[in-house]
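As structure tokens, the structure follows; a few thoughts come after it.
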Amino acid sequence: MAKRCVFSGKGPMVGNNVSHANNKTKKRSLPNLRVVRIKLEDGTTAKVRIAASTLRTMKKRS
């Protein structure tokens, strides 16, 4: 399964760990994904992966 939010499209980010000696090693930051059940228009439910920040925004607006 892809580590990507269904609604916002947030995915893994790439950066560097930088030491005090300025040595750089690659690091990967993954989004904070949660599996949530949503009700579809036809009455069935589906499980989707949503970023926690997107989930907070959705709860605020409803």
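- Applying the side chain to side chain contact (heavy atoms under 4.5 Å, CB included) test to Thr45 and every residue at least two apart in sequence or in another chain returns nothing.
- Under the rule for a side-chain hydrogen bond (donor to acceptor under 3.5 Å, both in side chains), Lys60 has no partner lying at least two apart in sequence or in another chain.
- Of all non-hydrogen atoms in Pro12 and Arg4, the two that sit nearest each other are CD-NH2, 4.4 Å.
- Between Thr57 atom OG1 and Phe7 atom CZ the span is 12.0 Å, to the nearest 0.5 Å.
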Mind listing the side-chain donor-acceptor pairs of residues 25-37 below 3.5 Å, one per line with the distance, residues two or more places apart or on another chain?
{"residue": "Asn32", "atom": "OD1", "partner": "Arg34", "partner atom": "NH2", "Å": "3.1"}

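- Every side chain to side chain contact (heavy atoms under 4.5 Å, CB included) that Ala46 has, sequence neighbours left out, goes to Leu40.
- The nearest pair of heavy atoms linking Leu55 to Ile50 is N-CG2, 3.9 Å.
- Listed by chain and residue number, Thr44 satisfy the side-chain hydrogen bond (donor to acceptor under 3.5 Å, both in side chains) test with Asp42 (two or more places apart in sequence, or in another chain).
- Applying the side chain to side chain donor-acceptor pair (under 3.5 Å) test to every pair with at least one member in residues 5-18, sequence neighbours left out, gives these pairs: Ser8-Thr54, Lys10-Ser53.
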